[in-house]
Undergrad: 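The structure's right below; bear with me while I get my questions together.
Atom set for the values below is all heavy atoms of this structure, side chains included, hydrogens, waters and symmetry mates excluded. Atoms within each ligand, like the ligands themselves, are counted from 1 in listed order.
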Amino acid sequence: MADMNTMQEILQTGDGDKLRELVQSALDEGVKPSDILNQGLISGMDVVGEKMKTGEMFIPEVLMSARAMGNALEILKPLLGEEGAAAGKVIIGTVKGDLHDIGKNLVAMMLESAGLEVIDLGVDVPPEVFVENVVKLKPNVVAMSALLTTTMPMMKATVDAIAESGNREQVKIIIGGAPVNQGYADEIGADGYSSDAGSATQLAKSYCVH
Ligand code: B12
């Protein structure tokens with residue numbers, strides 16, 4: 001029998017090859033891809049998130065888990081597509097002037113693993129590039145990351161640019177990154193803020209599932 005607890009444990013060790021094997025054998029046993037995703041991988045990543053908060057796991061280990069999850073997702077992605085379309089579309093990027101992307105990448109991976117379609121615009125993304133992609137891709141959610149106090153104002157500039165383009169009503173805007181908080185989100189007119197990748201996923205999903 002496929003054992004979801006083992007899957008969660010292997011995810012925490014960051015062993016991508018072993019995790020792929022476990023996912024494949026669960027599929028061979030007839031376990032539904034969405035059950036593997038939710039009970040094995042996402043639950044496993046929840047534990048990783050908790051351990052990160054309590055200081056039991058450090059960033060390099062978290063990244064290894066995230067990468068292992070990415071490996072396993074490669075197997076599941078096409079199969080999940082068969083079960084139902086992505087629950088929503090998110091564009092994500094680190095704002096102009098800011099090159100920090102570890103947190104953004106974690107958030108992007110978690111969103112993907114929650115079944116959302118994620119378009120990653122990368123780092124140093126100017127407001128006009130966010131706007132172009134809102135127009136072109138019509139996402140449900142725009143997610144912005146900033147790690148520097150000097151680049152936080154770019155979040156406001158981006159919210160304003162989206163509003164000026166006439167698309168503000170069509171998207172929800174969420175922000176995150178160490179210097180940012182809920183108060184800042186309110187101040188610049190963003191729809192939401194999350195302090196970590198786990199709650200970012202719940203927030204984004206709440207804006208996607210209709
Ligand atoms: C790694 C790092 C770097 C790396 C970045 C590598 C990379 N590929 O990202 C390098 C060495 C390149 C770097 C460069 C610089 N850095 Co730096 N860097 C850091 C460091 C040590 C860790 C950041 C990190 O990755 N954290 C781990 C991730 C997982 O956490 P996170 O990003 O906060 O993300 C989580 C949440 O915030 C949230 N989240 C993140 N994004 C989003 C988005 C959304 C939508 C949501 C909902 C949630 C969310 O979820 C994530 C996962 O839980 C921090 C110190 C620190 N402890 O934060 C300094 C820090 C951010 N850097 C700092 C500085 C000053 C710089 C430089 C200016 C240094 C210099 N003089 O050149 C340059 C700037 C370069 C630039 N233009 O961006 C300062 C910023 C000070 C400030 N208040 O502005 C810090 C705080 C260090 C310090 N104490 O001085 N840095």
Undergrad: If you count the atoms of ligand 1 from 1 in the order shown, which ones are under 4.0 Å from a heavy atom of Ala200?
TA: 47 (C)
Undergrad: Could any protein non-hydrogen atom be found less than 4.0 Å from atom 38 (C) of ligand 1?
TA: yes
Undergrad: So which heavy atom in the protein is nearest atom 27 (C) of ligand 1, and how far is it from that ligand atom?
TA: Ile59 CD1, 3.7 Å
Undergrad: Look up atom CD in Glu117 and atom CG in Leu111, then write down how far apart they are to the nearest 0.5 Å.
TA: 12.0 Å
Undergrad: Under a plain distance cut-off of 3.5 Å, with no hydrogens placed, do Lys138 and Gln170 share a side-chain donor-acceptor pair?
TA: no
Undergrad: Any idea which of Gly176, Ala185, Gly103 brings a heavy atom closest to atom 49 (C) of ligand 1?
TA: Gly176
Undergrad: Determine whether any heavy atom of Gly177 lies closer than 4.0 Å to an atom of ligand 1.
TA: yes
Undergrad: Do Ile75 and Leu41 share a hydrophobic cluster (ILVMFWY, side-chain heavy atoms under 4.5 Å, transitive)?
TA: yes
Undergrad: Among protein heavy atoms, which lies nearest atom 76 (C) of ligand 1, and at what distance?
TA: Leu99 N, 3.5 Å
Undergrad: Could you tell me whether the side chain of Thr158 reaches within less than 4.5 Å of the side chain of Met144, counting heavy atoms only?
TA: yes
Undergrad: So if I count the atoms of ligand 1 from 1 in the order they appear, which ones are less than 4.0 Å from some heavy atom of Ile175?
TA: 44 (C), 45 (C), 46 (C), 47 (C)
Undergrad: What atoms of ligand 1 come within less than 4.0 Å of a heavy atom belonging to Ser145?
TA: 40 (C), 41 (N), 42 (C), 43 (C)
Undergrad: Any donor-acceptor pair under 3.5 Å linking the side-chain atoms of Ser165 with those of Asn167?
TA: yes
Undergrad: Are Leu73 and Leu37 close enough that some pair of their side-chain heavy atoms sits under 4.5 Å apart?
TA: yes
Undergrad: With a 4.0 Å cut-off, strictly under, does atom 10 (C) of ligand 1 pick up any protein heavy atom?
TA: no
Undergrad: Give a yes or no on whether a salt bridge exists between Asp191 and Arg168, defined as a side-chain N under 4.0 angstrom from a carboxylate O.
TA: yes
Undergrad: Should the pair Lys156-Glu187 be classified as a salt bridge under the 4.0 Å nitrogen-to-oxygen rule?
TA: no
Undergrad: Can you check whether Met7 reaches Ile36 side chain to side chain, under 4.5 Å on heavy atoms?
TA: yes
Undergrad: Between Ser195 and ligand 1, find which residue part has any heavy-atom pair under 4.0 Å and reply side chain, backbone, both or neither.
TA: backbone
Undergrad: Are any non-hydrogen side-chain atoms of Val125 and Lys96 less than 4.5 angstrom apart?
TA: no
Undergrad: Tell me which part of Leu106 gets within contact of ligand 1: side chain, backbone, both or neither, using heavy atoms under 4.0 Å.
TA: side chain
Undergrad: Would you sort out whether Val141 and Ile173 count as a side chain to side chain contact (heavy atoms under 4.5 Å, CB included), showing the intermediate values?
TA: CA-CA 6 Å; Val141 177; Ile173 302 178; over 6 Å; no
Undergrad: Which is it for Val180 and ligand 1 at heavy atoms under 4.0 Å: side chain, backbone, both or neither?
TA: neither
Undergrad: Pick whichever of Ile102, Val90, Thr149 has a heavy atom sitting closest to atom 25 (O) of ligand 1.
TA: Ile102
Undergrad: Relative to the heavy atoms of Asp98, which atoms of ligand 1 are at a distance of less than 4.0 Å?
TA: 78 (O)
Undergrad: Looking at atom 81 (C) of ligand 1, what's its closest protein heavy atom, distance included?
TA: Leu148 CD2, 4.5 Å
Undergrad: Could any protein non-hydrogen atom be found less than 4.0 Å from atom 69 (C) of ligand 1?
TA: no
Undergrad: Are any of the protein's heavy atoms under 4.0 angstrom from atom 56 (C) of ligand 1, yes or no?
TA: no
Undergrad: For atom 20 (C) of ligand 1, is some protein heavy-atom partner under 4.0 Å away?
TA: no
Undergrad: Would you mind running through ligand 1 and noting each atom that sits below 4.0 Å from a heavy atom of Ser194?
TA: 47 (C), 48 (C)
Undergrad: List ligand 1 atoms under 4.0 Å from Asp101, heavy atoms only on the residue side.
TA: 7 (C), 8 (N), 9 (O)
Undergrad: Does any part of the side chain of Ser145, heavy atoms only, come nearer than 4.5 Å to the side chain of Val107, both counted from C-beta?
TA: no
Undergrad: Does some non-hydrogen atom of the protein lie less than 4.0 angstrom from atom 72 (O) of ligand 1?
TA: no
Undergrad: Among all the protein's non-hydrogen atoms, which is closest to atom 23 (C) of ligand 1, and how far away is it?
TA: Leu147 CD1, 4.1 Å
Undergrad: Please lay out, stage by stage, how Lys51 and Glu61 fare under the test salt bridge (Lys or Arg N to Asp or Glu O under 4.0 Å).
TA: CA-CA 10 Å; Lys51 288 193 170 175; Glu61 294 159 324; over 6 Å; no
Undergrad: Of the side chain and backbone of Val107, name the one, both, or neither that has a heavy atom under 4.0 Å from an atom of ligand 1.
TA: side chain
Undergrad: Test side chain to side chain contact (heavy atoms under 4.5 Å, CB included) on Lys172 and Leu203; report intermediate values, then the result.
TA: CA-CA 10 Å; Lys172 296 289 185 189; Leu203 185 64; over 6 Å; no
Undergrad: Is there a donor-acceptor contact under 3.5 Å linking the side chains of Ser25 and Asp28?
TA: no
Undergrad: Under the 3.5 angstrom rule, does the side chain of Glu169 hit a backbone N or O of Ala163 as a donor-acceptor pair?
TA: no
Undergrad: Would a 4.5 Å heavy-atom cut-off, applied to side chains only, mark Thr6 and Leu22 as touching?
TA: yes
Undergrad: Under 4.0 Å from any heavy atom of Gly97, which atoms of ligand 1 are there?
TA: 76 (C), 77 (N), 78 (O)
Undergrad: Got the closest protein heavy atom to atom 43 (C) of ligand 1, with its distance?
TA: Met144 O, 3.4 Å
Undergrad: Which of these, Gly93, Ala108, Ala197, Ala178, has its nearest heavy atom closest to atom 50 (O) of ligand 1?
TA: Ala197
Undergrad: Answer yes or no for atom 64 (C) of ligand 1: protein heavy atom present at a distance under 4.0 Å?
TA: yes
Undergrad: Might you check, step by step, whether the distance between atom 46 (C) of ligand 1 and some protein heavy atom is under 4.0 Å?
TA: yes
Undergrad: Tell me the protein heavy atom at minimum distance from atom 59 (C) of ligand 1, and give that distance in Å.
TA: His100 NE2, 4.1 Å
